[in-house]
Amino acid sequence: MTTSGASNSTPGTLYVVATPIGNLDDISARALKVLGDVSLIAAEDTRHSARLLQHFGIATPLAACHEHNERDQGGRFLARLLGGEDVALISDAGTPLISDPGYHLVRQARAAGVAVVPVPGACALIAALSAAGLPSDRFIFEGFLPAKTAGRRARLEQVKEEPRTLIFYEAPHRILECLEDMQVVFGAERPALLARELTKTFETLKGLPLAELSAWVAADSNQQRGECVVLVAGWQAPEGEAAVSAEALRVLELLLKEMPLKRAAALAAEITGVRKNLLYQAALARQNDA
Ligand code: SAM
């Protein structure tokens, strides 16, 4: 690792360093070593990060790298990297680039042939998923939803039938309306979990169906404070008669009055596009109920 500002023909390394999301003990030994060894730390908010570095006795200089200057100022960091210095990128909390700045700098560095090395650590979505008890083999991260109801519901509609576990970040002052919109779009019964203030004193993980979760948050204003991640179980295709639309059942019932069950199911399938077997099962259930 290169230290100080000496020019060098070999480019330095850009380290993408995760910092804690609350509990400072979550910083890794490797993160501390890298932050202490690099020439410069590119930070989302230098004042915020100065407190973190001070806590760990690290005196490496800081320079701002936030969403407003990242594209333009990236060249400044790149020049230092190309001059042979190592630079660390950090954000206010957790893993840089994950709903945080850093994407442009990482892209520019890679395009310039600079080695980009991750130094992994805390990340709120992964911490929440690891303790949620929702399927974790496949999941999607949607980041922050639009702030207004119309935009938020439109985005939720796009993932309404997504079978993988859904993960969202949300601001505390919008958590209630967010859960209410989720209930409208995904349905009252869809399992969900609110992970709030992870790794901090008031850490709360509450798993309930959406309607109950939203009522629980509405009833306790403390649950509308702090930082939160919302996880929602993926969509499950309805089975049996629930998978057959009301219109398909109406067609089936009309045909059952005119012809034998098997023929009625086959014809209803052709008319409605619903699977023949599902309609056959629905017809059988109707016959048994009669
Ligand atoms: N880069 C961060 C990460 O790796 O998770 C995320 C940064 S994003 C600007 C901030 C959002 O992350 C918060 O609004 C919240 O949704 C989530 N978050 C961060 N820290 C959290 C915590 N301790 N508990 C719950 N959610 C947290």
Side-chain angles (χ1 to χ4, degrees), residues 14-28 30-31 34-35 41-49 51-52 55 64-70 88-107 116 118-134 136 139-148 152 155-156 159 165-179 181-182 192-207 213-214 216-217 220 222-232:
L14 175 63
Y15 292 93
V16 183
V17 182
T19 57
I21 55 169
N23 189 329
L24 294 184
D25 287 348
D26 288 338
I27 198 141
S28 73
R30 183 166 170 233
V34 168
L35 292 175
I41 299 174
E44 181 182 4
D45 177 341
T46 51
R47 283 200 354 216
H48 176 96
S49 294
R51 289 194 290 275
L52 179 82
H55 177 86
C65 177
H66 45 68
E67 59 176 333
H68 304 297
N69 77 352
E70 193 194 339
L89 169 69
I90 61 174
S91 62
D92 286 355
T95 303
L97 280 81
I98 307 302
S99 293
D100 265 343
Y103 166 70
H104 297 289
L105 178 58
V106 166
R107 239 183 108 82
V116 181
V119 181
C123 179
L125 78 103
I126 297 297
L129 181 66
S130 72
L134 289 170
S136 54
F139 60 90
I140 62 162
F141 174 55
E142 280 288 308
F144 287 97
L145 288 164
K148 300 215 172 95
R152 189 187 302 123
R155 179 77 64 80
L156 292 173
V159 290
T165 296
L166 298 147
I167 308 178
F168 305 88
Y169 282 168
E170 191 49 281
H173 60 280
R174 283 198 284 268
I175 188 64
L176 191 52
E177 42 188 283
C178 169
L179 289 172
D181 285 344
M182 286 178 168
L193 181 132
L194 173 65
R196 211 176 56 80
E197 293 289 89
L198 291 167
T199 78
K200 304 186 205 176
T201 310
F202 296 106
E203 178 178 84
T204 309
L205 288 102
K206 187 75 173 174
L213 186 60
S214 137
W216 182 77
V217 170
D220 181 358
N222 283 328
Q223 304 306 332
Q224 299 162 39
R225 299 205 178 107
E227 298 192 280
C228 33
V229 183
V230 181
L231 295 93
V232 181

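Each ligand, and each atom within it, is numbered from 1 in the order the structure gives.
Closest non-hydrogen pair, Ala88 versus Val17, comes out as CB-CG2, 4.0 Å. Considering every non-hydrogen atom in both Val230 and Met182, the closest pair reads CG1-SD, 3.8 Å. Heavy atoms only, all atoms of each residue included: Asn23 and Asp25 are closest at OD1-N, 2.9 Å. Between Ser214 and Leu179, the shortest heavy-atom distance links the atoms CB-CB, 3.8 Å.
Close contacts of ligand 1 with Lys200, meaning ligand atoms under 4.0 Å from a residue heavy atom, involve 23 (N). Taking a cut-off of under 4.0 Å to the non-hydrogen atoms of Glu170, the atoms of ligand 1 that pass are 14 (O), 16 (O). Proximity to Ala195 (heavy-atom distance under 4.0 Å) selects the following atoms of ligand 1: 25 (C).
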Distance-only donor-acceptor pairs under 3.5 Å for side chains of residues 95-106, two or more places apart:
from	atom 1	to	atom 2	distance (Å)
Thr95	OG1	Ala122	O	2.8
Asp100	OD2	Ser91	OG	2.9
Tyr103	OH	Arg107	NH1	3.4
His104	NE2	Arg71	NH2	3.4

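Among protein heavy atoms, the minimum distance from atom 7 (C) of ligand 1 is reached at Asp100 OD2, 3.3 Å. Protein heavy atom in closest approach to atom 8 (S) of ligand 1: Ser99 O, 3.5 Å. Ranking the protein heavy atoms by distance from atom 14 (O) of ligand 1 puts Phe144 CZ, 3.3 Å first. Shortest contact from atom 26 (N) of ligand 1 to any protein heavy atom: Val229 CG2, 3.4 Å. With respect to atom 24 (N) of ligand 1, the closest heavy atom belonging to the protein is Leu198 N, 2.9 Å. Of the protein's heavy atoms, Thr95 N, 2.8 Å lies nearest to atom 4 (O) of ligand 1. Annotation: atom 16 (O) of ligand 1 to nearest protein heavy atom, Cys228 O, 2.6 Å. Closest protein heavy atom to atom 3 (C) of ligand 1: Tyr169 OH, 3.5 Å.
Note on ligand 1: Thr199 sits outside its first shell, no heavy atom being nearer than 4.0 Å.
Inclusion of Ser91 in the set of residues having an N or O under 3.5 Å from an N or O of ligand 1 is not warranted. Among the atoms of Pro96, none of the N or O lies under 3.5 angstrom from an N or O of ligand 1. Ligand 1 has no nitrogen or oxygen under 3.5 angstrom from a nitrogen or oxygen of Cys123. Between Glu227 and ligand 1, a contact under 3.5 Å exists for at least one N or O pair. For ligand 1, the polar-atom distance check finds an N/O of Ile21 within less than 3.5 Å of one of the ligand's N/O atoms. Remark: ligand 1 and Ile98 share an N or O pair separated by less than 3.5 Å (distance only, no angle test).
Looking only at distances, a side-chain donor or acceptor of Arg196 sits under 3.5 Å from a matching main-chain atom of Asn222. A donor-acceptor distance shorter than 3.5 angstrom exists from the side chain of Tyr169 to the backbone of Leu125, with no hydrogens or angles considered.
Neither the backbone nor the side chain of Ala128 has a heavy atom within less than 4.0 Å of ligand 1. Counting heavy atoms closer than 4.0 Å to ligand 1, residue Glu197 contributes backbone atoms (N, CA, C, O) but none from C-beta onward.
Using a 4.5 Å heavy-atom threshold, the side chains of Leu194 and Thr204 count as separate. Within the 4.5 Å cutoff, no side-chain heavy atoms of Lys206 are placed close to those of Gln223.
In Phe144, the CZ atom is crowded: over 12 heavy atoms of neighbouring residues, nucleotides or ligands sit closer than 6.0 Å.
Put simply, the residue from Ile140, Leu231, Val232 that forms a side-chain contact (heavy atoms from CB on, under 4.5 Å) with Phe168 is Val232.
Comparing Ala124, Gly22, Ala93 against atom 2 (C) of ligand 1, the shortest heavy-atom distance belongs to Ala93.
Legend: residues meeting side chain to side chain donor-acceptor pair (under 3.5 Å) with Glu197, ordered by chain and number and at least two apart, are Lys200.
Summarising the geometry, atom CD belonging to Gln224 is positioned 10.0 Å from atom CD belonging to Glu177; distances are rounded to the nearest 0.5 Å.
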